[in-house]
Structures are given as C-alpha cells and as structure tokens.
Protein chains: 2
Amino acid sequence: MSSIAEELAKKQKEISVSEFFERNRQILGFDSQVKSLIMGVKEAVDNSLDACEEAMILPDVGVQIERVDKDEYKVTVEDNGPGIMKKAIPNVFGRLLYGSRFHAVRQSRGQQGIGISATVMFGQITTGKATRVRSKVAQEETAWELEIIINTKKNMPEVLKQDPVIWDGKEHGTKIEFYMNGRYLQGKQSVMEYLRQTAIVNPHARFTFIDPEGRRIVFERAHEQLPPATKEIKPHPDGLELGTLMNMAKETKLKTLTKFFQNDFSRISDRLAKEICDKAMISTEKNPGSLSLEESKRLITAIGQVKIMAPQNDCLSPIGEGLIRKGLKNVLVEQRPEFYAHPVTRDPKVNAGNPFLVEVGIVYGGDLPKDQPVQILRFANRVPLLYQQGACAITKSIESTDWRRYGLEQRGGNGIPFGPAIILVHVASTKIPFTSEAKEAIANIPDIQAEIELALKICGRSLKTHLNKKETKSRTRAKFDIVQIILPLIAQKSAKIVNKPVPALSGTITKIMNVVWIDDAVVYEKGKHKVRVTLYNYTPKGQKINIHMVVPKDSFDYTGLQFFPAEVKDDGKITWELPTIPSTHKVDINFSLKGLDKEAYDDNEIYFSGIDPVMVIGADLLPGDWDVKRLEVTETAPAAVEEEEEEVDYDEQKEALNDD
Amino acid sequence: MSSIAEELAKKQKEISVSEFFERNRQILGFDSQVKSLIMGVKEAVDNSLDACEEAMILPDVGVQIERVDKDEYKVTVEDNGPGIMKKAIPNVFGRLLYGSRFHAVRQSRGQQGIGISATVMFGQITTGKATRVRSKVAQEETAWELEIIINTKKNMPEVLKQDPVIWDGKEHGTKIEFYMNGRYLQGKQSVMEYLRQTAIVNPHARFTFIDPEGRRIVFERAHEQLPPATKEIKPHPDGLELGTLMNMAKETKLKTLTKFFQNDFSRISDRLAKEICDKAMISTEKNPGSLSLEESKRLITAIGQVKIMAPQNDCLSPIGEGLIRKGLKNVLVEQRPEFYAHPVTRDPKVNAGNPFLVEVGIVYGGDLPKDQPVQILRFANRVPLLYQQGACAITKSIESTDWRRYGLEQRGGNGIPFGPAIILVHVASTKIPFTSEAKEAIANIPDIQAEIELALKICGRSLKTHLNKKETKSRTRAKFDIVQIILPLIAQKSAKIVNKPVPALSGTITKIMNVVWIDDAVVYEKGKHKVRVTLYNYTPKGQKINIHMVVPKDSFDYTGLQFFPAEVKDDGKITWELPTIPSTHKVDINFSLKGLDKEAYDDNEIYFSGIDPVMVIGADLLPGDWDVKRLEVTETAPAAVEEEEEEVDYDEQKEALNDD
C-alpha cells in the first residue's frame, strides 16, 4: 500500500498551460481541420479590431489564405492598428494566459490572453513552422519583423529571428503570417461566413479577403464612424463574491474601508461606503487588510442590502438599433427580406459584477428559406459565434420562447422556430461567460438568459405587428377595394343609366366594412423620413381612437404638425389622442423623423387604444404594458384581432365590372 | 499613436491559471449554485475512485452534504483509497494544472490536474473557508490533517494548519471537507443522480450518501470484483502530430532513430522502425535530436504509410457487456423495464494517438415514460455527464441515427427519438476530448462520433429484434392459439358428435398458418442458463432453415447437445444448419450457457437464413453483414417481415367454443 501512495506522489507534477492545451486542443476550438483555419483567422482578426478600436482607428483588415500543400495553408492577417512595441511582441504571440485585457472591466473581443498564442502554437504543432509577426508603431522609423515559436513545456516564447524592416508606405499596423494544417471550405461554418457576420456587427470596419483561389472579396464599411470608445471601470459591487472581496481587501493600498470602497469599486460614494460599514457594524476607519472572515461576510451581506446605481454604460459598446439594421441590410441585399423588425438594444444589467447588455434584431421574409429552422446569428462582444450553437445561452433563450405568439411556426411552443427569418442576438459584456476557451458558446447564466428572452420578446412583438398588419390587411384588402373603387363605380354607372343623381354610399360602405381601417406609409425625402398614418372610419358611428407608435430615439420632428401628440417619450414612444372621426370620414397623421440614415427606418410600428379591437384593421391593440419599459411583458399579449367573416370573391366581381 | 502602443505594452501581463479560472468559473462548471455543489462532489468522488482503482482496492466512498447556512453547504467525501503522502497533499488540492495523470496514456477519470483544486478554490472564494484534508497511508501510524487554501494570484497552495491525528480504525484512506455556496436540489441534475449513474457504470463500487436532511442512501455493489487495472502505454503513432514528434525527438535520451521509435512509442518494432526510416530516406542511426523540419515531415508521412498494430487494450477499462446490463438492472428495479438490449462493447480504435472505445446499452419499456424523448445516459471514463447534453458528441450521434429503423419514434429520422427507452453510451479513452475543463461534453471528433453511431446501430438492432418478435407474435398469437388449441378441440368434438375418427388437421392448419413459427425461452437453473428454441413448421411442405444466435462470449456449453452447431465463433455468434423439418412437425434446439451471472442473459437474439423471410414468425432475417463484425452495417437492413392478413377475432370464437 505504501508504495502506491509514494508512487503516486512521485508522479505528481506541474502541467504547463501550453502543454495542457497542446493535449486538449478541442477546448481551444482547434479540434478539426476546418475549424482550425477559421479559429486562426478569427483570433488574428479579433485582435486587429480590438487594437484599432483602442487606438480610435477605423479598422481596415486584410485576410489572405494560401494553400501551401495538401493540408497546409498560410494565413496572413494585416491591420492598420497602432502596432505593437517590439519588446511586447514575443509575449503577446508566444505565451498563453498573457495579455492586456484580462484584468480590465471593459468590453473587448480578446479577454483571456490565449487566442492568438494558441494559434501560433497550433500552427507550429501541425506544420513545424514559426509564426512571423511584423509590426510598426507610428513614432518609429522602421517596422520590426520577428519569427516566434512557443516552448510548450515552459509556456514561453522563443524568438528565432528579429530584423528591422522598411514597411513601404505603412505608418502603423501589424501583420501576422502563420502556417497551419487545415481544410478550407465554403458554407455556414467558414472563414467567409465568419467575415460576413463580423461585417454585420462591425459596420465601421472594412475587410478585404483573398481566398485560396485568389478571389478578392471586400466587405466595405456600412458606416464611417467608430463606435464610442469603451471605458475601463472598477468592478461593480453587484454579485461581489466573498473571496473576491477578501482578495481585494488584502491587496488594496488604501488604509480605510470607506476609501477602499470608494476607490476600488464602481458606484460606491462616500455616503454609501459609510452606510455599508454601518450596516455591517464595522468602523469606516478600519484597515481593509485587517478584515476577518466574519467581518467580510457581514460586508457582503450589507452590500446586498444597500441600493447601488447600475454600472456606467460606457464600458460597453452596443451596436445600436440603427446600425444593427444597417449592418443586416448591408449583407442581406440578395435575400431581399420583406421586413426588418425594429431592433432592440436593452439597457445594461449586471451579472456577478460585470455589466452586460443584450441586442436583438429579426429579419423576415423575402428569399429566406421558408421550410427550415430560422437562422440564428449569435454574437458576443461583436464577434460571431459559429460553433456550439446547441450549448449556447442564446440558443436556449430562443428555444424557450414561444414564437407562435410572434407569428413563427414552432411545434409545441418550444425549440428553434421554423420560417423565413433570421434572429440576430448580440451579448456585450465586460466579461462574457464563455463555456470554454474556444469562446464558441455563452454559458447558461440565468440572469443573462432572462435578459435575452426579454429582448427576443420585444423584437418578436415588432415582427408580430408587421405580420398581423400584413395578414389582416390582405384578408380585407378586397373589401377595401370594393368600397374605394367598385361601389363608387357601380353607383356612378347605375346613376348614369337611370339618369339620377349618384346615391350616397356611406350606409352601404359602413355596412360592408364596419371597421376603422388604418393605412400607413413612410418615405425618405430630403434627409427626412416622412410618415403618414391614415385612419378611415368605415363604421356607422363617429369613432374616437388613440394611436401609439415607436420611432427611433430623439428623431421625432415637432415642426409642421397638424395633430400634436399627447405624449412623446424619451425612448421614442409617441401617443396621439385623436378627435372623434365622423362616420365615413378619414384623418391623416403626418410627421417627420429627422437625423436618421435612410436605412434606419422603413416600417411603422402602430398600436391603438380606446376602441373595441375587433373594429380596427391595420394596427395592433396597445399592449397593457406600454407604460412599463417598451412592451417588456408580452405574456399578457391580447388575442389576435378576429376576422371570421365569409370570404367573398370581390376580385371576380371587380373584373366583371371592368369588363364592359 | 506612440502612446497607445506603449500603453498597451505596459498593460501586458501574465495571468495566473487560478486567476483565469476564478474569473471564468463557468468553464470549470461552477456557474450556478446547483451545479457548483454537484461539481464539488463529482471531483472529489472521481478522485477517490481513481485512487482506489490504482491501488486495486474495492472502492467504498462516503458522501455527506450538510447545510451550514442559507446558501452554504459543507461537503465531506471519504474513501478507503491508498491515502496521499503528506508532502503531496498541498499541491494535489491547492494548485491547478498539477497532477499525476496528465502525462499518462491510460484511462482514468481525472486527467487534467484541475478538478479538485478548482473545488478547493471555489469553496474558498464563496465561503472564505479553507478545505480540510485528512489522509492516512498504510505504512504510517497516524493520519495527517491539513487546512489548505489557494493563493490564486500565484496558483500555489497555502497550508494554514497541519496536525498528525489518530484516525480510529482506518488503515488507509482520504477524507476531504470543504464549504461551498450552493443549492441542493433533487432531480435529473443532482448529486443523487450523479451518484446513481456513477453506481451504474461502476458496479464494483459502493457509495453511501447522507443528504442535507440526514437521510442515508446506500448504493451497494452489484459486483465484487475490481475491473482489471489499466496499464500505462506509450503514445500510439496513429495520428501523431508533426509538432509532437519534433518535441519528443528533442527530448528523448535515446541516440538513434530506431531506438527512439521502439522505446518511446507503442507498437513500433525494430523492423517497423527500420521500415519507417527507409521510407523517409533517413538513416536508422540518426540522432533524433538532430532531425530537421523536413526530415520530421518525411517521418510523419512514412508513419502514415506503414501498417501499425492497433494499440493494446489494457490501457482501457471498458465496463463490459455483462456489467452494463447488471449495472442498469441494479438501479432500474422500480421501472421494471420490459427489455434490456444486448449491450455492445466495441473494440478499441485510435484517435490522434489515443486509444478509445465505445459501449452502448439500451433499456426499453416497463414504466419508462412513453411520450417523452428517450433518456440519454452519457458517460466518459465511467463518469456520468449531467450537463451540456446539447454540446456532446454522444447526443449528436444519437440525433443523427435513424431510430425509426430500430422501432423508436423519431420525427423525420433525426433528433432525439421518443419512447419508453434509456440509451446509455460510455466512451472510454486514455484522453477524452472534453469541450471544456468542466468535462461535461465530449467534443465532436468525427472518428469518435462514427464509432458511437456504429455501436448505437448494433445495439439498436438488438432492440428492433425484440420489438419485431413482440409485434409479429402478438399479431399472429391468435392464429397460433387456433391451430394449437381450438382446431384440435373442434376436430375432437365434431368427431365425437358424428362418431367418426378425429380427422387429420395438418392440411387445414398449414393453410391457416403457412409459416415457420419460432418460439424461444430461457431459464436460469443451477448456475446455468437453459435456452430452448422451438421451430414449428406450419407450412404444407418440409422446410430447411438455419438459425443464428448471439450469446455472451465463451459461455456456450457444448455438453448434452442434440443439434450440434455448424459454427460457434469467438465473439458468441452461433449458427445451426437444421435438417429439413417435415410439414406440421417441430424441432427443439436446446443448449446451455455456463459461467454467467443470472442477470447477464435473459432474452434470446435469434436470426434465421436459408428460407423466404415472409414464411417466418418469431425471428429476424440474418443481416447480410453477419460475417463482418457482429451486425455492424445496418444501413442495408431488410424490410420488416410483412404481415398484412385480415384480422379475425379468434378470441371470440374460442370463447364461444368453450361455452358449452
């Protein structure tokens, strides 16, 4: 027995992190030839985008893949970023768990300090070849070129060669060239698709891709402006863990608890720090380094009992509602979708001290395939996630949403819905909880999933409004045509034949229709979106109705209004309380939206209230939760407008009339 | 610009591996309160089982969970393993990426040197409390008790306390006590379920569990024998990576290529080493340390061109067909399943130098729920996988198998099938390619998925045989009863009435039936399984038929046979070529199986050949691939026996006859 324990003890040894990943490549996403190539490109491009944005440079990234041998490819990624100091290059590219962004509470693509070094390592393992890095910073005359390999036993870089080089016409930037065993494919999981999706969520970046056949594909910028720079913040105390607090208290240089709380955390004021200490019954002057376990626990409890402001938003970089739409339009030209739902960008929430926010966009119709599950585009911090869809919180959120409420087909009300739609979800966070270092799927954190579901429902509602409008209108379009065109024609003809005055038609019309018909349009003219909403009262009585719309924030133009809204909210919700519309009369609401890109608005989202819902065609009943945060709760969605009247083939009648 | 590059360079720093996981707990599986508790128990129990098996001790593991506070639990796991040397304890429990099993090519539960230290770390982070480890090795008089925390900034253990203690009556073993924030739940993903499933695939282990309510649950051993110890082997050259070869060549102490190949790899003989060198056109005497990149590449190519024996099996520890059945029966008593399919243990294959094998078991019917997706039990190296089902190669294999062929309901022939069934899949390997350090899902490696699919099909065939037998028999049971009971009764009665001799019925019987009816039974008596297969020839002609069966390896008893088989294969496949059975006659095949546990065999898998399949009821047509490896290819499965005759209510007639 003794020998076993001793033998085991002798075998115990440290495992270097590169050795660990060398033997567990699937954890880093290098588990197949196809995937390895995509991973390599992705890690290099992510780094380029991060560097450009940190330096406030509009990214211009070139990617080239060349086939060197049967299974061997050469990958080159070049950017116009700020460049990397020569002394920093070996560790950045040749050492795992080494980086600048790990400790920062701020949204960035790279966070782990693993990706690009892992790429260098797998290139080297599979081809035996070193990675060449060339980089130039603006204040130096020359660029430097280094050849790097990783010593996996030690997890340390080895520089095989380093030379100053002249980089023609390049002011600053970085170029990485590595060789890797892989397989280049087209399709849903490919380098092209990765670049295409990256272009959607990074409309400010330009990508040039040269594929192994030498074809050059350019994804132009959809937008010439950088997203606002993300700011680094201190950890937010929400969800602070006991162990983290104890570590921070041990390491702080500050000598009193109040100063420690004020300086080392986000959103703790002097007053709040005192309140926390009081609640925990610990002196505000206590040295954080001397806190006992018991005292730390009391502090954690106290933090949970005080009200702390939400974290600053500027550590996050949402794409924004306008640019989600623009990005999608930019790459979906060919599919000509019929409808882009109003995208949703939620306010930040906090999970375990890390601010995060969720954005959702839905595209519907056109040439998107009808009989397949909807396409899901998953993004984390503006990076597309191509693999492990089944393991991702985004997929789980989509599966557990009842899409039948929003007009998509879904067996049993769960699972991935079917239909001609694309659902885009972007999760941005100062720390994305990935399920593994390959960063392919977001872990199933309940707070994050709840927030995604909410955003999906809000966006789903916009889709449903569109589909309802389309459906009820198509079902009653024939009626509308009759009263607008055919009845007047009949009346005129009959009157002419019998040589009498044209009869009043209003009674007949209201009998046939008996609805308030809402029609709307939007056109872009001279830098403004002009919106018209027309209400026809085809009922026998006067009708009073309120109209509610959602438009992009701060875009509503108050000039030249006939009907002034009763309310215009900061988040873009507008309400009109219209005067009574007499029977057979109509009313037009005209207004403009200013300061928007042409693509930013092209469909009106219209709700009504104050009238029996069965009497309205062309808009949805205002949800009960309008006054909460824009349509958040949709569980209490009203029943769809029922329209069960007999179908008459008016088209036939109309044709017959036009025959003579 | 300069400032940006410099600023970034200043921020670059090393990230300690514990710090990395402290901030990415979801990667280790500690992403929810419920899961954390399960993970903690799992890591400790896995370690106990590994240690016991390495020391050839039948494992006896005690687990206790006590509630300390609202969210705080104390977990104790105690084993009867060999114990851990005092000097080894701090690093084993207090340092990530440190362990004894990482470099060994041998099946074990722990491989990464992360799990138990991660548990210590999360206990400490969430409760501020140290982990207490007590361990005794047989040759020491006293045990040692240490209190350990991890310095996450350095990834090093800190020992807060260490004392020799007397451990009453304990000869050797280890006990770990840690505190952790968590939530204790019952259900499909729970500590109980983890232990229950662990008991299924470790029938040699005994588990005692005391839950937070103080209830004591014991999972007794189903089997008193340890699995054969797994042996450590050298890396197998199959799938050897260039980088790995170059590293190994650089580090070997051997001075010639032939010696290097022979000694540092599995399955390379002197002759084979020479062949490889010749093909690569490199001298066998060359010093491995001096290989160039080009030469290494040539060697890799040469290795791919020579024929290398499959790896030794003894580095793997399959559960075995008999024990899969036994383990399942042991825990499924309450569900009383109607059928346990013949489990499948495949021969080892190699993936990237690591031998692996797949085992599958299927349970059907009884009180298992009918209208739900089948339950999937996933195991890797005898450890149940409770989370990330959607991300796992096992699930993907089940989803891409067409289960309609095997009698389960499945929409469109893919996805998880529905029905009252449990599908168990065990993947054993010297290196399981998990998708993350949490070890919750197996990555989608094509070779592994293909092997799982094959095993599923073979086991599915056994299920289908059972369901076919059941269905066709139930459909023709009434006919069988008529010819066996009712027709003779009618004949007798009529003969008696008219006072004439009883008429010959064979013509009538064969007209009604026109099949060869196969009936079978198995009983366990005096340590043997007695099998009877009866063939009734209810056709108008003599019939010649071959019967084929599958029985556990080496169990067929040659004594007392009336019909000697034409063939008995090593893998348990038996064939009888029976003499012609005259019309209306029957034939019995009787034989025994010896040396099996009672539970190891309870249903006969019978196939036939040499006769038109539409004439046989009670067995399946022999698949065309019988001579390959037991029914491997099932894509060419024959159409099910058609039986479309009119239904007659024989029961009613029978009752009427018995009335008088």
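Letters A, B, ... are given to chains in the order of the sequence lines, protein chains preceding strands, and every chain is numbered from 1. Fair warning: this is a prediction, and the values are worked out from it, not measured in the lab.
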- request: Could you check Glu241(A) against Glu22(B) for side chain to side chain contact (heavy atoms under 4.5 Å, CB included), going step by step and ending with a plain yes or no?
  value: CA-CA 10 Å; Glu241(A) 207 81 70; Glu22(B) 186 184 353; over 6 Å; no
task: Take Lys431(B) and Asn24(A) through the side chain to side chain contact (heavy atoms under 4.5 Å, CB included) test and state the conclusion after the steps.
output: CA-CA 9 Å; Lys431(B) 188 101 214 148; Asn24(A) 286 286; 3.7 Å; yes
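Looking at Gln124(A), the atoms closer than 4.5 Å to chain B (heavy atoms on both sides) all sit in the backbone: N, CA, C or O. Both the backbone and the side chain of Glu19(B) come within contact range of chain A, judged by heavy atoms closer than 4.5 Å. Contacts of Ser32(B) with chain A are absent, with no heavy-atom separation under 4.5 Å from either backbone or side chain. Contacts between Ser135(B) and chain A at a heavy-atom distance below 4.5 Å are absent for every atom of the residue. With a 4.5 angstrom heavy-atom cutoff, Glu72(B) touches chain A only via side-chain atoms. Both the backbone and the side chain of Asp31(B) come within contact range of chain A, with heavy atoms under 4.5 Å apart. For chain A, the nearby parts of Glu437(B) are the backbone and the side chain; heavy atoms of each come within less than 4.5 Å. If you measure heavy-atom distances from Leu28(B) to chain A, you find no contacts under 4.5 Å at all. In this structure, the portion of Ala88(B) lying under 4.5 Å from any heavy atom of chain A is its side chain and not its backbone. Contact annotation for Lys10(B): neither backbone nor side-chain heavy atoms come within less than 4.5 Å of a heavy atom of chain A.
With rounding to the nearest 0.5 angstrom, the CZ atom of Arg23(B) is 6.5 Å from the CG atom of Asn354(A). A distance of 6.5 Å separates NZ in Lys250(A) from CG in Asn151(B), rounded to the nearest 0.5 Å. A distance of 8.0 Å separates CG in Leu97(B) from OG in Ser16(A), rounded to the nearest 0.5 Å. With rounding to the nearest 0.5 angstrom, the CG atom of Asn444(A) is 8.0 Å from the NZ atom of Lys35(B). Rounded to the nearest 0.5 angstrom, Thr435(A) OG1 and Tyr387(B) OH are separated by 15.0 Å. Rounding to the nearest 0.5 angstrom, the gap separating the NZ atom in Lys297(B) from the OG1 atom in Thr127(A) is 6.0 Å.
The two atoms that bring Gln388(A) and Ala391(B) nearest to each other are OE1-CB, 3.2 Å, heavy atoms only. When all heavy atoms of Tyr98(B) and Ile15(A) are compared, the pair lying nearest together is N-CD1, 3.9 Å. In plain terms, the two heavy atoms of Ile27(B) and Phe434(A) that are nearest each other are CG1-O, 3.4 Å.
Ranked by heavy-atom pairs shorter than 4.5 Å toward chain A, the options Met121(B), Glu54(B), Glu140(B) are led by Glu54(B). In terms of heavy-atom pairs under 4.5 Å with chain B, the best-connected choice from Thr126(A), Val17(A), Ile89(A) is Thr126(A). Note on Ile125(B), Asn247(B), Thr152(B): by heavy-atom pairs under 4.5 Å with chain A, the leading option is Ile125(B). Listed options Met246(B), Lys396(B), Lys129(B), Arg95(B) were ranked by heavy-atom pairs under 4.5 angstrom with chain A; first place goes to Arg95(B). Contact count versus chain A (heavy atoms, under 4.5 Å) is highest, among Gln389(B), Glu251(B), Glu440(B), Lys87(B), for Glu251(B). Annotation: maximal heavy-atom pairing with chain B below 4.5 Å, among Gly353(A), Gly390(A), Pro433(A), Ala443(A), occurs at Pro433(A).
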